[in-house]
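Below is one structure, written out as structure tokens; comments come after it.
Both backbone and side-chain heavy atoms feed into the values below; hydrogens, waters and symmetry mates do not. Keep in mind that this is a model prediction, so the values were computed, not measured.
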Protein chains: 2
Amino acid sequence: MSTELDPIDERIVALLSADGRMTNAALADAIGLAPSTVHTRVRALVDRGVITGFHAALDQGALGRGLQAVIGVTLRPGARQESIRAFTQEVRRIPEVIQVFFLGGADDFLVHIAVEDSSAVRRFVVDHLSARHSVASTRTSLIFEYHRNAVAADFD
Amino acid sequence: MSTELDPIDERIVALLSADGRMTNAALADAIGLAPSTVHTRVRALVDRGVITGFHAALDQGALGRGLQAVIGVTLRPGARQESIRAFTQEVRRIPEVIQVFFLGGADDFLVHIAVEDSSAVRRFVVDHLSARHSVASTRTSLIFEYHRNAVAADFD
DNA sequence: CGTGAAAAACCGAACAA
DNA sequence: TTGTTCGGTTTTTCACG
């Protein structure tokens, strides 16, 4: 929230988004400022909550999860906010889950998972989604390609 | 690809996924090894491609993009691989785009965007998606909540 | 493969401008 | 707000177990 970023902060943010381990010295001479200035700004960005964290990106295939899928989920019409909250909280704790989107639109949720193979997809849907009373239907799509420009912070 | 990780590598990967700026010393005593050992393993994980990078997570709202959406896209039945490749390559370069999923299923693509407001959503869809000859239809859903457990590497 | 020690690089804070 | 200096920390390499 709050006020926009100045052009220098925008460059810092863009650079750290691409390489979160860039040193202040590297940032400094990519931008043309002194390292200490960059340091001050980076810390300010973190303190302000513009940068919410730093994370390693993982090749899921190398972790034995070579198949990814997106599952659209619709809840029963009667589902109340409690069951929506419960659904979110519980689904996001499952280790195969990479992201959870709570939507307004045709589907109520999108769940992005990475698993070992197609039978693990089926198991995931059956065990964790269809098994829930609040879930009305699911629609599974396999992911053939995936591209990420940025890492978005969690929000609700 | 390739061989599974041993339990120590798995812990390193989990810790760096949560905090990509943990120092080797911090990793070392979370795990019970010497910092130099941890360092060697982290570098090996990066060299092997298990860890594909480190990235700052950004509060999109703080960047003036307080509204996120997912847009399901279907291409014309006649769309050939060339136009699919072109679509992916061009869409992912648009700055509002956070992620692009190329799917097998009902939709051909999912595009995750962060923009300023709802009129920017409409503009995005009209200018960048509907305007394309290869796009048959789009279905936009606003994102009310978003949760991320991990950062997945790009793949195709 | 893991360790400890040594060298280089880097960070973070204090201060000056 | 930016630049400079400096002590402490972190990274990185390497010889050894």
Side-chain angles (χ1 to χ4, degrees), chain A residues 1-66 148 150-151 153, chain B residues 1-65 150-154:
Chain A
M1 0 217 102
S2 76
T3 158
E4 284 281 342
L5 300 187
D6 69 37
I8 294 173
D9 284 343
E10 268 174 28
R11 295 199 59 192
I12 292 176
V13 153
L15 289 163
L16 288 178
S17 174
D19 179 2
R21 281 197 158 183
M22 262 183 107
T23 64
N24 290 324
L27 283 170
D29 67 36
I31 294 175
L33 293 178
S36 66
T37 307
V38 171
H39 174 256
T40 307
R41 282 175 174 268
V42 171
R43 202 183 40 183
L45 288 166
V46 173
D47 288 347
R48 276 198 277 163
V50 177
I51 295 174
T52 61
F54 296 89
H55 307 280
L58 305 179
D59 179 341
Q60 297 294 326
L63 298 167
R65 307 201 283 228
R148 176 181 35 71
V151 178
Chain B
M1 8 207 93
S2 76
T3 158
E4 284 281 344
L5 300 187
D6 70 35
I8 293 173
D9 284 343
E10 271 174 24
R11 295 198 59 193
I12 291 176
V13 152
L15 289 163
L16 288 178
S17 172
D19 178 4
R21 283 199 156 181
M22 262 182 106
T23 65
N24 291 325
L27 283 170
D29 67 38
I31 293 175
L33 292 178
S36 61
T37 307
V38 170
H39 173 256
T40 307
R41 281 177 173 267
V42 171
R43 203 182 39 181
L45 288 166
V46 173
D47 288 348
R48 276 198 277 163
V50 177
I51 294 174
T52 60
F54 296 89
H55 306 281
L58 304 180
D59 179 340
Q60 297 294 328
L63 298 166
R65 306 200 285 227
V151 178
D154 285 32

Protein-nucleotide distance ([X], atom [atom1]; [N], atom [atom2]), rounded to Å:
X      : N      : atom1 : atom2 : value
M22(B) : dT9(D) : CE    : P     : 17 Å
I31(A) : dT2(D) : CD1   : P     : 11 Å
I12(B) : dC1(C) : CD1   : P     : 13 Å
D29(B) : dT9(D) : CG    : C1'   : 14 Å
D9(B)  : dC1(C) : CG    : P     : 10 Å

Among [options], the one nearest [X] by side-chain distance:
X      : options                  : result
N24(B) : dT4(D), dT11(D), dT3(C)  : dT11(D)
S36(B) : dG3(D), dC11(C), dT13(D) : dT13(D)
L33(A) : dT12(D), dG3(D), dT10(D) : dG3(D)
R41(B) : dG4(C), dC1(C), dT11(D)  : dC1(C)

Inset, instruction - Determine yes or no for a side-chain-to-main-chain donor-acceptor pair under 3.5 angstrom, with H55(A) supplying the side chain and A18(B) the backbone. - result: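 A pair under 3.5 Å: yes.
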Legend entry - R21(B) (side chain) donor-acceptor with G20(A) (main chain) under 3.5 angstrom: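 It does hold such a pair.
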Legend entry - Any I51(B) side-chain heavy atom under 4.5 Å of L16(B) side chain: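 A side-chain contact under 4.5 Å exists here.
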Legend entry - Residue-phosphate contact under 4.0 Å: R43(A) side-chain N/O, dA13(C) OP1/OP2: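 Result: yes.
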Inset, instruction - Taking only the side-chain nitrogens and oxygens of H39(A), find out if one of them lies under 4.0 Å from OP1 or OP2 of dG12(C). - result: yes
Legend entry - Positive for side-chain contact (heavy atoms from CB on, under 4.5 Å) with H39(A), one of L33(A), N24(A), T23(A):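 Among the candidates, only N24(A) passes.
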